[in-house]
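First the structure, in the form of structure tokens, and then the observations on it.
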Amino acid sequence: MMKRKQEAESFGVIGLGRFGAALAITIAKAGKDVIVIDKNEAKVKELRQYTDYAFVVDELNADTLREVGIQNCDTVIVCIGEKMDTSILTTMCVVEMGIPHVIAKALTAEQGAVLEKLGAQVVYPERDMAIRLGKRLISRNFLDYVSLDNSVEIRQIMVSGRLVGKTIEEYGIRKKYRLNVIAIESGQTTNIEVQPDYRLQDGDVIVVIGKIDNMDRFEADF
């Protein structure tokens with residue numbers, strides 16, 4: 001049991017399905033303390049090569065969670081999307097313990113709405129991966145994105161077509177589309193102090209932040 005919080009940030013992962021196990025391994029490999037919990041002994045045993053705090057818990061309730069020390073974590077991720085009742089009750093227990101940051105996996109909007117009302121940050125792994133893949137498939141210039149909320153994204157976009165040879169100011173990326181260029185990757189170099197007179201080259205990758213509607217209009221235009 002992790003009895004007291006360490007100086008470094010500590011994590012808890014409840015539920016070791018594909019998402020939970022991959023998340024726990026990633027955190028452990030980064031050198032962070034992570035408590036992992038599941039009722040499946042084989043799954044827990046597999047994670048013991050990555051963390052000393054791997055526990056088989058048959059029933060998820062406040063008492064069993066406290067026994068393994070989950071209340072000492074800074075961040076707890078509840079990865080039980082498939083069983084909605086267990087997901088909700090476990091999230092409620094964790095939130096009531098006063099853990100600073102609670103994240104819960106959801107499979108449906110309805111489940112997510114309930115988890116949000118309990119005070120958890122909600123993630124939709126399957127949906128988000130589908131959106132990411134879909135955006136890559138429909139735009140040959142679109143490389144990757146990070147969603148900040150429902151209206152704002154950071155995107156990586158490959159420079160081509162009408163963008164080539166234009167400066168950021170000439171194309172009106174800021175003025176016309178209300179997008180901010182926060183970095184430009186050119187070859188092996190990343191420039192985070194982007195000037196308006198920078199002339200874009202074929203193959204450059206621009207990293208832009210702004211509202212999704214403006215981002216879509218910008219990509220459509222060029």
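- The two residues Thr190 and Ala183 come nearest to each other via the heavy atoms CG2-CB, 4.4 Å.
- Atom CE of Met97 and atom CG of Leu65 lie 4.5 Å apart (nearest 0.5 Å).
- Closest non-hydrogen pair, Thr91 versus Ala120, comes out as CG2-CB, 3.7 Å.
- Closest approach of Cys79 and Gly20 over heavy atoms only: SG-CA, 3.8 Å.
- Rounding to the nearest 0.5 Å places CD1 of Ile209 at 12.0 Å from CZ of Arg155.
- For the atom pair NZ of Lys39 and CG of Asp58, the computed distance is 8.5 Å after rounding to the nearest 0.5 Å.
- The two atoms that bring Gln111 and Ser87 nearest to each other are NE2-OG, 3.3 Å, heavy atoms only.
- For Glu46, the side chain to side chain contact (heavy atoms under 4.5 Å, CB included) test picks out Gln49, with sequence neighbours left out.
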Could you go step by step and tell me if Arg199 and Asp204 meet the salt bridge (charged side-chain N to carboxylate O under 4.0 Å, His left out) rule?
CA-CA 10 Å; Arg199 200 164 295 280; Asp204 280 356; over 6 Å; no

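- At least one side-chain heavy atom of Ile27 sits under 4.5 Å from a side-chain heavy atom of Leu23.
- Here Leu16 contributes atom CG and Asn40 contributes atom CG; the two are 8.5 Å apart, rounded to the nearest 0.5 Å.
- The closest side-chain heavy-atom distance from Leu60 to Cys93 is not below 4.5 Å.
- With contacts defined as side-chain heavy-atom distances shorter than 4.5 Å, the pair Ile192/Ile182 does not qualify.
- Thr167 places a side-chain N or O within donor-acceptor distance of the main-chain N or O of Glu170, the cut-off being under 3.5 Å.
- Shortest non-hydrogen contact noted between Cys73 and Ser10 is CA-OG, 3.4 Å.
- Ser186 places a side-chain heavy atom less than 4.5 Å from the side chain of Tyr198.
- The main-chain N or O of Ala22 is found under 3.5 Å from a side-chain atom of Thr26 such that the two form a donor-acceptor pair.
- Taking the six-membered ring where tryptophan is involved, the planes of Tyr177 and Phe218 are perpendicular, since the angle between them exceeds 60° and thus also 30°.
- The closest side-chain heavy-atom distance from Glu193 to Asn191 is below 4.5 Å.
- Residues Val34 and Val13 form a side-chain contact, since some pair of their non-hydrogen atoms from C-beta on lies under 4.5 Å apart.
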Given side chain to side chain contact (heavy atoms under 4.5 Å, CB included), test Ile88 with Leu115 step by step and report yes or no.
CA-CA 6 Å; Ile88 291 168; Leu115 294 170; 4.2 Å; yes

When you look at Lys211 and Arg178, which way does the side chain to side chain contact (heavy atoms under 4.5 Å, CB included) test go after all the steps?
CA-CA 8 Å; Lys211 291 188 175 181; Arg178 297 184 179 179; over 6 Å; no

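- The line from OG1 of Thr90 to CD of Glu59 is 10.0 Å long, rounded to the nearest 0.5 Å.
- Closest non-hydrogen pair, Glu9 versus Asp74, comes out as CA-OD2, 3.3 Å.
- No single ILVMFWY cluster, assembled from side-chain heavy atoms under 4.5 Å apart, contains both Leu107 and Leu89.
- Looking at heavy atoms from C-beta onward, Val207 lies in side-chain contact with Glu185 at the 4.5 angstrom threshold.
- Val181 places none of its side-chain heavy atoms less than 4.5 Å from the side chain of Leu179.
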Worked check of side chain to side chain contact (heavy atoms under 4.5 Å, CB included) between Ile168 and Ile184
CA-CA 11 Å; Ile168 291 170; Ile184 294 179; 3.8 Å; yes

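- Side chain of Asn61 to main chain of Asp63: a donor-acceptor pair is present (N/O by atom type, distance under 3.5 Å, no hydrogens or angles).
- The 12-atom threshold is exceeded at CZ of Arg174, counting heavy atoms of other residues, nucleotides or ligands nearer than 6.0 Å.
- Note: Ile14 CD1 to Ile35 CD1 = 9.0 Å, rounded to the nearest 0.5 Å.
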